[in-house]
Amino acid sequence: MKKLLASMLAFFGVKEFKVDGKPGLTEDQRAEIATLLGEEKAKSFEAYIQSGGKASESTDIGADVVLGLADKHKQEVADIQAQLATANAEKAKLQKLVSTLSAEEEEDLKPEVSAEDLPKGKANVPRIKGIKVTAAHYAEVNHFIKTGRMRDVEAAASTIDVDNLKEEFGTYLSQNQNNLEEVKALFQGFSSAKYFTSGLAITEWRATQPLISSVSQQFKNVWTPSGKTKLTPLKIQNFRHKINVSVIPSEVLESYALHMYEEGLSVDQMPITKYIWGQLVYPQLMQDIELRMIFKGKFVDAGVVSEGQAGSAPEDSMDGLETLLVDSLGNGNPKKFNYFDGDGFDYTNCTDQEMLTFMKDYTAWLAPIFRAQTMNIACSYEFWRRYKIAYKNVWGAGSGTTDANFGGDRIDFSNQVLVPMDGMYGSPILFATPGMNLKKLRHKNDLPNVINDVQRHNYEAKLFGEYWLGVGFAYGEAVFAYVPSGYNPKALITSVYGAHTTYQQNKGTDPAKSVTEFGSSGGGGI
């Protein structure tokens with residue numbers, strides 16, 4: 001284990017692993033070690049760190065892992081040396097390339113922007129290694145950065161060579177650190193990611209042991225393992241997804257130049273390839289995952305498809321959490337979820353008092369062993385907003401301002417907190433479960449190149465990529481949900497770009513209240 005510790009310290013470039021002054025791993029370190037070693041070995045290593053190196057030898061991971069990391073370091077050094085050789089060769093060609101340009105262009109091709117010209121805090125932005133910045137379109141961008149104007153927009157747009165862009169993407173994608181950052185962003189970037197725990201799988205995942213229900217027992221001087229409540233591990237399906245995006249480089253040149261100008265960057269700090277991924281493709285991918293896939297998605301096999309045929313919708317590529325809850329309820333509950341009988345409760349058409357009573361009854365219904373835990377109650381923004389307005393209407397506009405235990409997101413007299421999930425927009429569903437029971441999966445083998453190829457087609461650059469992502473619950477008996485009948489999560493995706501009737505859905509409906517959202521009268525009770 002000491003050999004592994006030395007390798008890991010060298011890998012991360014730190015002298016010791018500490019968090020808040022105590023032995024431990026940061027979230028990023030834990031995730032990256034899990035990627036390298038797998039979840040179980042990563043947990044053993046973390047236990048060794050937290051024990052101050054006093055954990056038993058049973059936590060030793062083995063020389064094979066240490067040797068594997070050593071080989072990885074050697075390969076990384078070889079890659080860096082190869083990149084350095086390429087960079088030196090390009091440097092030798094630079095003067096010859098510059099000499100072929102006009103005097104004005106020669107000046108514009110300088111990739112550096114002086115510290116005086118940069119906004120505060122931008123002078124030390126790290127350079128992107130291995131990307132040539134001598135293409136004609138970078139001359140136009142440099143000119144725009146210095147002057148704030150394009151010399152000739154149409155002429156500038158025509159200077160982008162798709163072959164040059166393809167070559168740049170190849171350089172960018174060949175740098176392993178870029179791919180690692182893309183994978184990290186992919187699985188941590190969507191807004192609900194923080195509420196999930198990560199798992200590794202090929203095509204499906206299943207928990208290997210039941211939840212521990214008790215550990216204490218009467219003393220006897222023989223080994224008698226504690227009993228465990230039988231909770232059935234569920235199969236969580238992992239899904240393979242792809243990215244096919246067509247980019248016409250000339251159409252993004254103006255937006256790219258303006259972005260660089262406003263951020264105070266130079267072209268070697270963010271080449272157009274990184275801009276296309278980070279500012280155009282990635283943000284839309286995060287919206288697809290959050291708003292259309294991990295909650296409301298329902299897998300539909302696309303069948304046989306032809307080249308050039310329109311691709312399937314994001315929500316057709318996987319089953320989301322809301323779909324899992326709805327499908328199990330409608331099929332005899334094979335996943336053994338716990339369903340709350342809300343007697344047809346509808347948050348869009350209830351009184352303020354009915355809203356508070358429903359939440360009081362729901363939290364009281366939770367099984368005692370889970371009710372004692374601090375758990376999030378996942379809901380839609382509309383449901384959360386309706387509850388908050390009902391609370392204010394019943395208890396008064398100033399409720400919660402003098403006592404932090406009342407009027408917040410925690411349901412009164414409970415340990416449960418109402419948490420709106422962006423991807424559950426408009427949903428009537430509630431579900432509560434321990435954080436470790438809510439899983440997101442990626443492929444357990446080598447990290448995929450999220451963008452793994454770029455091809456030229458006429459004036460377009462075609463981006464190809466793939467990744468794996470699945471979500472689900474580890475144990476059905478540890479899920480406590482309210483799912484009204486007749487709800488179809490996938491059907492609500494059509495409203496993701498439209499305005500919701502938030503006033504009608506969220507205003508107080510008590511006859512004694514005014515039609516304003518926050519009534520001024522107090523009173524009432526739950």
Side-chain angles (χ1 to χ4, degrees), residues 179 182-196 198-199 201 203-205 236-247 276-327 378 380-381 420-427 429 438-443 447-454 460-473 487-500:
N179 183 50
E182 288 177 5
V183 172
K184 281 183 178 180
L186 180 66
F187 290 95
Q188 300 174 14
F190 58 94
S191 57
S192 296
K194 60 187 175 183
Y195 300 111
F196 292 76
S198 298
T203 58
E204 61 184 47
W205 180 91
I236 301 178
Q237 188 69 36
N238 204 7
F239 295 90
R240 191 178 186 182
H241 313 274
K242 72 171 185 174
I243 301 169
N244 288 168
V245 178
S246 176
V247 174
I276 289 172
W277 161 252
Q279 303 297 319
L280 302 182
V281 178
Y282 171 74
Q284 184 59 55
L285 182 58
M286 291 302 98
Q287 287 191 13
D288 287 347
I289 291 174
E290 178 69 28
L291 301 180
R292 306 180 70 156
M293 294 167 60
I294 63 168
F295 288 103
K296 293 178 167 30
K298 184 175 179 62
F299 179 78
V300 177
D301 191 338
V304 179
V305 297
S306 304
E307 183 75 20
Q309 177 181 333
S312 61
E315 57 268 24
D316 291 343
S317 63
M318 68 180 293
D319 290 333
L321 295 178
E322 289 189 49
T323 296
L324 295 175
L325 292 169
V326 168
D327 285 355
S380 66
Y381 162 79
M421 303 286 185
D422 290 341
M424 291 182 69
Y425 54 91
S427 175
I429 288 178
L438 194 59
K439 294 287 185 180
K440 67 177 187 291
L441 303 181
R442 73 162 181 81
H443 206 279
L447 293 175
N449 290 309
V450 177
I451 299 293
N452 53 31
D453 191 21
V454 180
E460 298 177 344
K462 291 185 174 181
L463 277 60
F464 296 79
E466 63 180 70
Y467 64 99
W468 287 77
L469 178 65
V471 294
F473 303 98
Y487 171 59
N488 179 2
K490 197 172 184 179
L492 207 58
I493 294 176
T494 58
S495 68
V496 69
Y497 296 110
H500 288 277

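Just so it is clear, the model here is predicted, and its values are computed rather than measured.
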Got Leu285 and Tyr467 here, is their nearest side-chain heavy-atom distance under 4.5 Å?
yes
When rounded to the nearest 0.5 Å, the distance separating CD1 of Ile294 from CG of Asp422 is 9.0 Å
**Asked** Can you check whether Lys490 reaches Val300 side chain to side chain, under 4.5 Å on heavy atoms?
**Response** yes
Note to self: Do Met293 and Asp288 make a side-chain contact, defined as non-hydrogen atoms from C-beta onward lying under 4.5 Å apart?
What the structure shows: yes
Donor-acceptor pair, side chain of Tyr487 and main chain of Val326, under 3.5 angstrom = no
Residues Asn238 and Leu469: closest non-hydrogen pair is OD1-C, 3.3 Å
Between Thr323 and Gly297, is there a donor-acceptor pair closer than 3.5 Å when you use the side chain of the first and the backbone of the second? yes
Query raised in the report: Would a 4.5 Å heavy-atom cut-off, applied to side chains only, mark Glu290 and Phe295 as touching?
Result: yes
Separation between CD1 (Ile243) and CD (Gln284), nearest 0.5 Å, reads 11.0 Å
- Hey, does Met424 have a side-chain heavy atom less than 4.5 Å from the side chain of Leu321? no
- Message: Does any part of the side chain of Ile276, heavy atoms only, come nearer than 4.5 Å to the side chain of Val245, both counted from C-beta?
- Response: no
* With under 30° as parallel and over 60° as perpendicular, where do the rings of Phe190 and Phe196 fit, or are they tilted in between? -> perpendicular
Exercise for review: Please examine the side chains of Val454 and Val247, heavy atoms only from C-beta on, and report whether any two atoms are closer than 4.5 Å.
Suggested key: no
Hits for side-chain contact (heavy atoms from CB on, under 4.5 Å) against Asp453, two or more places apart or cross-chain, chain-then-number order -> Gln455, Phe464
For Ser427 and Ser380 the tightest heavy-atom approach is O-OG, 2.9 Å
Could you tell me whether Lys296 and Glu315 have a side-chain N and a carboxylate O separated by less than 4.0 Å?
no
The side-chain contact (heavy atoms from CB on, under 4.5 Å) partner of Lys298 among Asp316, Asp327, Asn488, Ile493 is Asp327
| message | Would you say that Leu492 contacts Glu322 through its side chain, given a criterion of any heavy-atom pair below 4.5 Å between the two side chains? | response | no
Residues passing the side-chain contact (heavy atoms from CB on, under 4.5 Å) test with Phe299, sequence neighbours excluded, are Phe239, Asp301, Asp319
